[in-house]
Amino acid sequence: MIRTYDDYREIYRKSIENPEHFWDTIADQFVWHKRWTKTVDWNFNDPDVKWFVDGKFNITQNAIDRHLPLNSGKTAFIWEPNSPEGHKRIITYQNLHDEVCQLANTLKNLGVKKGDRVCIYMPMIPESVFAMLACARIGAVHSVVFAGFSSSALAGRIQDSDCKIVLTSDGAYRGPKDIPIKSVVDEALRECPGVEKVLMYKHTGTIVNLTEKDIIWQDVVPYASPVCEPEIMDSEDMLFILYTSGSTGKPKGVVHTCGGYMVYTCYTFQTVFQMDGLNDVNTNQNVFWCTADVGWITGHSYIAYGPLLAGASSVLFEGVPTFPDAGRFWNVIDKYKVTHFYTAPTAIRALEAAGLQYVAPYDLSSLKVLGSVGEPINEEAWQWYHKNIGKEKCPIVDTWWQTETGGIMISAIAGITPTKPGYATLPLPGIQPILVDEKGNEIPGNDVEGNLCIKFPWPSIVRTTYGDHARCRQAYFETYPGLYFTGDGCKRDHDGFYRITGRVDDVMNISGHRIGTAEVESAINSHIDVVESAVVGYPHDIKGQGIYAYVIVPSTTKNHDMLKKEIIAEVNKIIGPIAKPDKIQIVNGLPKTRSGKIMRRILRKVAEGEISNLGDTSTLLDPSVVEEIVKGRL
Ligand code: WT7
């Protein structure tokens with residue numbers, strides 16, 4: 001237990017000196033069918049990392065059944081629908097158990113077996129979490145795809161991991177919109193002959209086109225048995241795949257395994273947020289709310305697994321922060337007396353811009369802890385959040401982590417370690433960050449800046465990228481041999497506190513969502529009139545980063561406005577609206593080196609408006625290209 005800053009320092013030191021002992025103590029708090037024989041076995045060259053070797057258990061037994069003897073009536077989720085006029089749903093741990101087992105049995109009846117991949121393309125309704133847990137219950141591997149991705153992005157993900165079945169709903173509400181997501185699935189399945197069945201939850205009542213593969217959830221799940229013995233899994237059996245963008249190529253399927261992910265998400269949830277006494281229904285009235293979507297890692301780790309493993313009560317919110325107006329978050333906090341609130345800087349900035357009149361009507365006095373995740377939080381937004389939402393009494397935990405890390409890595413511990421605006425602050429126990437220079441030499445000491453790496457494994461480190469282990473090695477372990485490379489730049493200040501400065505690779509962070517420049521370029525290039533394109537991120541007041549696209553089209557293309565609209569439509573079709581360019585500049589050429597490499601550094605500077613100092617342009621094949629680009633900049 002960490003109670004003071006001194007405790008943290010002491011526990012941190014011990015966790016580094018003897019990681020095995022540290023993690024054994026934590027892992028011993030779970031229910032294991034058979035205890036592990038070795039705590040960690042690893043090398044970062046292949047890479048090959050195993051935690052809790054030979055341990056046998058089931059994560060859902062730990063997330064659900066374990067809580068039933070004392071807390072079957074405790075709320076697991078309070079579901080708040082998209083519309084404030086809709087009806088909330090309360091899901092107790094007992095309800096969760098029954099729903100998950102019924103769905104697990106249904107999946108079994110549909111032929112899903114241990115190790116099979118199941119795609120989940122669903123809105124933010126409790127059934128999405130039931131779906132994840134039902135897979136875990138029977139040892140199937142879930143691959144949740146954010147329901148804002150297009151049919152072609154969905155198809156690519158289904159194909160890559162060869163999913164046998166897709167779980168979806170008829171439609172999804174997002175603010176004022178009613179999105180027919182079943183039809184997106186139908187479209188995707190034209191390219192996915194391997195999918196045998198589609199289980200569709202009727203949610204919005206939208207008219208759908210039923211095919212012979214379709215089964216309506218409500219027709220089968222309620223009739224299945226609410227008892228389903230958990231499949232006994234090995235620690236290193238796959239738990240899920242989650243696709244994320246990198247600097248090159250198509251999104252990668254990040255693989256997490258059962259044991260390490262369970263131990264790490266629960267431990268970090270409990271440690272960072274400090275929701276004491278979670279397992280006691282009578283003494284704990286805390287309510288956690290993570291506003292992410294389950295389609296992202298934040299939703300996996302801190303809506304589904306972490307809070308449930310810890311026995312917490314959480315809000316599950318279907319809607320968006322600005323519907324019906326920019327007071328919705330504050331309204332929900334007031335309504336459910338949320339104590340621990342976890343959101344993204346982009347949402348904070350958007351709600352700040354809307355004005356304090358949206359905050360004023362609500363009582364936010366239940367709040368104890370505020371969290372931030374997904375992108376660097378600028379000082380202005382931090383202060384606004386601290387003053388107007390936390391009323392200067394709630395610590396802000398700025399949590400740095402990644403899809404590949406599975407859980408929070410660098411963060412303040414609420415109420416225990418110091419916070420500092422713009423700083424993720426200190427590594428959690430067990431985490432060994434180091435900064436390196438371009439050549440991979442460690443940069444020691446304080447008041448320094450470098451590339452952020454981690455030098456020792458933690459339980460939920462990425463194990464592989466699905467179907468392509470070499471890609472996992474190349475992306476994370478090859479740049480600096482012997483280290484896990486995060487892709488982020490980072491400062492360590494005079495106190496040893498860490499401040500993430502943003503990606504140092506060709507990955508953008510748009511509203512806290514990770515998008516590869518290469519992916520957007522490839523989507524733009526698929527427009528018939530596009531010769532070539534280059535995409536960079538640029539500072540955006542609300543989104544953190546916006547997407548700036550430089551596009552070469554033939555001189556015969558006359559109507560540029562029309563073309564830009566078509567390019568946006570193309571990106572929407574191939575990836576989804578989250579990847580659509582904010583600015584498109586039509587150019588005649590791109591700055592390239594003599595070897596034909598695009599000099600993104602220059603394009604980034606122009607997009608940022610930093611044209612006075614473009615750096616060395618002498619190696620360019622044709623320096624006049626830069627002049628033209630600067631002149632035409634948007
Ligand atoms: C990238 C990972 C972690 C869940 C959501 C995003 C950036 C994340 C922070 C933070 C500064 C942050 C990094 C990281 N990032 N949290 N607190 N401060 N930057 O997961 O999609 O895998 O993206 O998000 O650049 O590498 P993701």
Side-chain angles (χ1 to χ4, degrees), residues 144-146 148-149 240-247 251-256 261 264-265 268-269 272 290-306 342-349 370-379 381-382 385 396-412 419-428 431 433 451-454 458 460-462 465 475-476 479 484-491 497-517 519 537 543-545 578-579:
V144 183
V145 177
F146 171 60
F149 278 116
F240 67 84
I241 304 168
L242 184 59
Y243 286 85
T244 190
S245 299
S247 50
K252 304 182 272 275
V254 168
V255 170
H256 284 291
Y261 184 82
Y264 198 73
T265 53
T268 53
F269 174 74
V272 170
C290 167
T291 67
D293 191 286
V294 289
W296 311 108
I297 192 70
T298 311
H300 281 59
S301 302
Y302 301 109
I303 291 177
Y305 291 105
Y342 192 31
T343 196
T346 188
I348 299 167
R349 288 189 297 262
L370 300 177
S372 173
V373 60
E375 52 179 317
I377 177 163
N378 48 308
E379 170 131 23
W382 195 100
Y385 197 29
I396 296 181
V397 291
D398 177 359
T399 63
W400 173 83
W401 56 297
Q402 311 178 294
T403 304
E404 295 85 347
T405 70
I408 298 168
M409 301 286 281
I410 303 182
S411 170
T419 63
K420 186 169 179 173
Y423 283 76
T425 73
L426 297 168
L428 293 184
I431 303 306
N451 291 337
L452 178 62
C453 294
I454 315 287
W458 60 98
S460 61
I461 185 175
V462 54
T465 50
Y476 314 110
T479 319
Y484 166 82
F485 176 42
T486 65
D488 281 319
C490 182
K491 284 183 180 156
F497 283 28
Y498 291 85
R499 177 193 180 98
I500 312 301
T501 53
R503 303 289 304 196
V504 294
D505 53 9
D506 290 323
V507 170
M508 299 174 290
N509 191 322
I510 314 299
S511 301
H513 299 146
R514 193 156 136 189
I515 298 167
T517 52
E519 253 179 282
K543 298 177 168 188
Q545 272 191 316
I578 56 169

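Whatever order the structure lists ligands and atoms in, that order sets their numbers, starting from 1.
Aromatic ring centroids of Tyr261 and Phe240 lie under 6.0 Å apart. Residues Tyr264 and Trp401 place their aromatic rings such that the two centres sit no closer than 6.0 Å.
Judged by distance alone, the side chain of His300 and the main-chain N or O of Gly295 form no donor-acceptor pair under 3.5 Å. Judged purely by atom type and a 3.5 angstrom limit, Arg514 uses its side chain to pair as donor or acceptor with the backbone of Ser245.
The neighbour count for Lys420 NZ, taken as heavy atoms of other residues, nucleotides or ligands under 6.0 Å away, is above 12.
A distance of 10.0 Å separates CD1 of Ile297 from OH of Tyr305, quoted to the nearest 0.5 Å.
At a heavy-atom cutoff of 4.0 Å, ligand 1 is contacted by both the backbone and the side chain of Thr403. Using a 4.0 Å cut-off between heavy atoms, Thr405 makes no contact with ligand 1 at all. For Ile377, no heavy-atom contact with ligand 1 is shorter than 4.0 Å. Contacts between Glu375 and ligand 1 below 4.0 angstrom, taking non-hydrogen atoms only, involve the backbone exclusively.
Near Thr399, the atoms of ligand 1 lying under 4.0 angstrom from a non-hydrogen atom of the residue are 9 (C), 10 (C), 16 (N), 17 (N). Distances below 4.0 Å separate heavy atoms of Asp398 from the following atoms of ligand 1: 10 (C), 17 (N), 18 (N). Listed by number with element, the atoms of ligand 1 under 4.0 Å from a non-hydrogen atom of Asn509 are 7 (C), 24 (O). Residue contact check: Thr298 has heavy atoms under 4.0 Å from atoms 4 (C), 5 (C) of ligand 1. Which parts of ligand 1 touch Arg514 is read off a 4.0 Å heavy-atom cut-off, strictly below it: atoms 2 (C), 21 (O), 22 (O), 23 (O), 27 (P).
Side chains of Thr298 and Tyr342: a donor-acceptor N/O pair is absent below 3.5 angstrom, by distance only.
Nearest non-hydrogen protein atom to atom 13 (C) of ligand 1 is Asp488 OD2, 3.1 Å. Residue, atom and distance of the protein heavy atom nearest to atom 3 (C) of ligand 1 are Trp401 O, 3.0 Å. Nearest non-hydrogen protein atom to atom 11 (C) of ligand 1 is Pro376 N, 3.1 Å.
Taking distance alone, with nitrogen or oxygen atoms compared against 3.5 Å, Gly374 approaches ligand 1 more closely than that limit.
With Trp400 as the fixed residue, the side chain to side chain donor-acceptor pair (under 3.5 Å) test singles out one of Asp488, Thr486, Thr425: Asp488.
A pairwise comparison of heavy atoms in Trp458 and Thr405 identifies NE1-O, 2.9 Å as the closest pair.
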